[in-house]
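The structure appears right after this line, and notes come after that.
The structure displayed is predicted, hence computed values, not measured ones. What's counted below: heavy atoms across the whole structure, side chains too, no hydrogens, waters or symmetry copies. Sequential numbering from 1 along the given sequence is applied to the chain's residues.
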Amino acid sequence: MKIVMLNGQNHKGSSYHIGRQIIDKTSGENEVTEFFFPKDLNHFCLGCYKCIEDDSACPYYSEKKIILEAINDADLLVITTPTYCMHVSAPLKSFIDMTFDYWMVHRPKKCMFRKRAVVISTSAGSGTKSAIKDVCDALLYLGVPSVMKYGIAVQAMNWESISEKKKNKIDRDTTKIATKLSTDKKPSVGLKTKLLFHMMGMMQKNGWGSSPIEKEYWEKEGWFDGKRPWKE
């Protein structure tokens with residue numbers, strides 16, 4: 001299985017260690033590629049909208065392309081983020097911002113509708129729920145049909161400071177998640193994603209998209225004629 005790990009921080013903290021536990025416990029021969037933000041993409045979206053006409057026109061496309069190509073080839077995405085001020089880390093949010101042209105409202109990628117993802121967040125206290133939601137909202141609009149969530153208040157500033165009792169709980173929890181990932185069948189697209197895709201399709205068909213390029217893309221894929229990315 002090809003796994004891409006997206007980490008919302010440069011250092012290997014609590015969220016990273018939990019993500020690695022899940023990956024290492026997942027059975028089979030796994031090929032793992034890791035990215036760290038901001039190290040691997042240290043930019044903010046400029047809002048120039050050049051990607052709406054041509055994704056390669058993004059000023060940071062050469063760096064973004066490396067990450068996106070790995071994601072396209074992956075079977076599983078493992079996304080980790082610390083909880084910063086009750087939400088996802090700024091570097092990871094910046095990467096999410098630079099994928100908006102691949103959302104269903106614009107030019108979705110067929111491969112995203114066949115992937116699974118695990119979203120992990122840790123905090124010293126509260127906030128993991130809202131941080132995880134930030135990422136899950138993006139995954140929904142990208143079309144990812146199967147997303148597992150794991151948030152935990154570690155009550156520590158780093159992995160080494162977490163109590164043994166808490167680490168034992170994490171160990172049990174990551175084993176359960178890894179077992180499910182190892183035994184689950186091919187993910188199926190749910191009703192919410194199907195309805196959202198239908199709504200976006202109607203919008204594009206009526207010419208309400210951000211650019212005629214988007215409508216041409218939907219027409220070329222045959223999605224106005226009943227074809228669906230998760231069935232191909």
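A pairwise comparison of heavy atoms in Leu92 and Gly8 identifies CB-CA, 3.8 Å as the closest pair. Taking each heavy atom of Met98 and Cys45 in turn, the nearest pair found is CG-CB, 3.9 Å. Heavy atoms only, all atoms of each residue included: Arg20 and Met5 are closest at N-CE, 3.6 Å. Between Pro187 and Arg114, the shortest heavy-atom contact is CG-O, 3.7 Å.
Using a distance-only test at 3.5 Å, with no hydrogens or angles considered, no donor-acceptor pair links the side chain of Thr99 to the main chain of Tyr102. Checking side-chain atoms of Asp75 against main-chain N and O of Met1 turns up no donor-acceptor pair under 3.5 Å. Put simply, the side chain of Lys115 never gets that close to the backbone of Pro145: no donor and acceptor are under 3.5 Å apart.
Salt bridge present: Asp97 and Lys93 bring a charged side-chain N and a carboxylate O closer than 4.0 Å. Using a cutoff of 4.0 Å between basic side-chain nitrogens and carboxylate oxygens, Asp101 and Lys50 are not scored as salt-bridged. Remark: Lys110 engages Glu221 in a salt bridge, criterion side-chain N to carboxylate O under 4.0 Å.
Atom CE of Met112 and atom CG of Leu77 lie 5.5 Å apart (nearest 0.5 Å). Summarising the geometry, atom NZ belonging to Lys166 is positioned 11.0 Å from atom OG belonging to Ser14; distances are rounded to the nearest 0.5 Å. Distance NZ/Lys165 to CD/Gln155: 10.0 Å, rounded to 0.5 Å. Between the CZ atom of Phe37 and the OG1 atom of Thr80 there is a distance of 10.0 Å, given to the nearest 0.5 Å.
In this pair, His106 and Phe100 present their aromatic rings perpendicular. The plane angle is above 60°, beyond the 30 to 60° band. The aromatic rings of Trp223 and Trp218 sit perpendicular to each other, their planes meeting at more than 60°, with 30° as the lower class boundary.
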>> Glu219 vs Lys215, test: side-chain contact (heavy atoms from CB on, under 4.5 Å). Steps then yes/no.
In response: CA-CA 6 Å; Glu219 287 178 330; Lys215 184 174 182 179; 3.9 Å; yes

>> Working note: Lys167 + Asp171, criterion salt bridge (Lys or Arg N to Asp or Glu O under 4.0 Å); need CA distance, chi angles, decisive distance, verdict.
In response: CA-CA 6 Å; Lys167 281 186 176 179; Asp171 181 59; over 6 Å; no

>> If you apply the rule side-chain contact (heavy atoms from CB on, under 4.5 Å), what do you find for Asp134 with Ile96, and how did you get there?
In response: CA-CA 9 Å; Asp134 291 336; Ile96 290 172; 5.7 Å; no

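For the pair Leu41/Ile67, a side-chain contact is recorded, criterion being any heavy-atom separation below 4.5 Å from C-beta on. For the pair Gln9 and Ser89, the minimum side-chain heavy-atom distance is 4.5 Å or more.
Both Val119 and Phe113 belong to a single network of hydrophobic side chains, linked directly or stepwise wherever heavy atoms of I, L, V, M, F, W or Y lie under 4.5 Å apart. Under the 4.5 Å side-chain heavy-atom criterion for ILVMFWY residues, no single connected hydrophobic cluster contains both Val88 and Ile152. The cluster map of Ile, Leu, Val, Met, Phe, Trp and Tyr, joined by side-chain heavy atoms under 4.5 Å apart, puts Phe44 and Leu6 in different clusters. Note on Trp208: it clusters hydrophobically with Trp103, by side-chain heavy-atom contacts below 4.5 Å among ILVMFWY residues. One hydrophobic cluster, built from ILVMFWY side chains closer than 4.5 Å, holds both Tyr141 and Val147.
Heavy atoms from other residues, nucleotides or ligands lying under 6.0 Å from NZ of Lys109 number more than 12. Within a 6.0 Å radius of OH in Tyr49, no more than 12 heavy atoms belonging to other residues, nucleotides or ligands are found.
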What side-chain donor-acceptor pairs closer than 3.5 Å can you find for residues 191-200, not counting sequence neighbours?
none

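Legend: ring-ring contact (aromatic ring centres under 6.0 Å, His included) pairs involving residues 118-139, not counting sequence neighbours: none detected.
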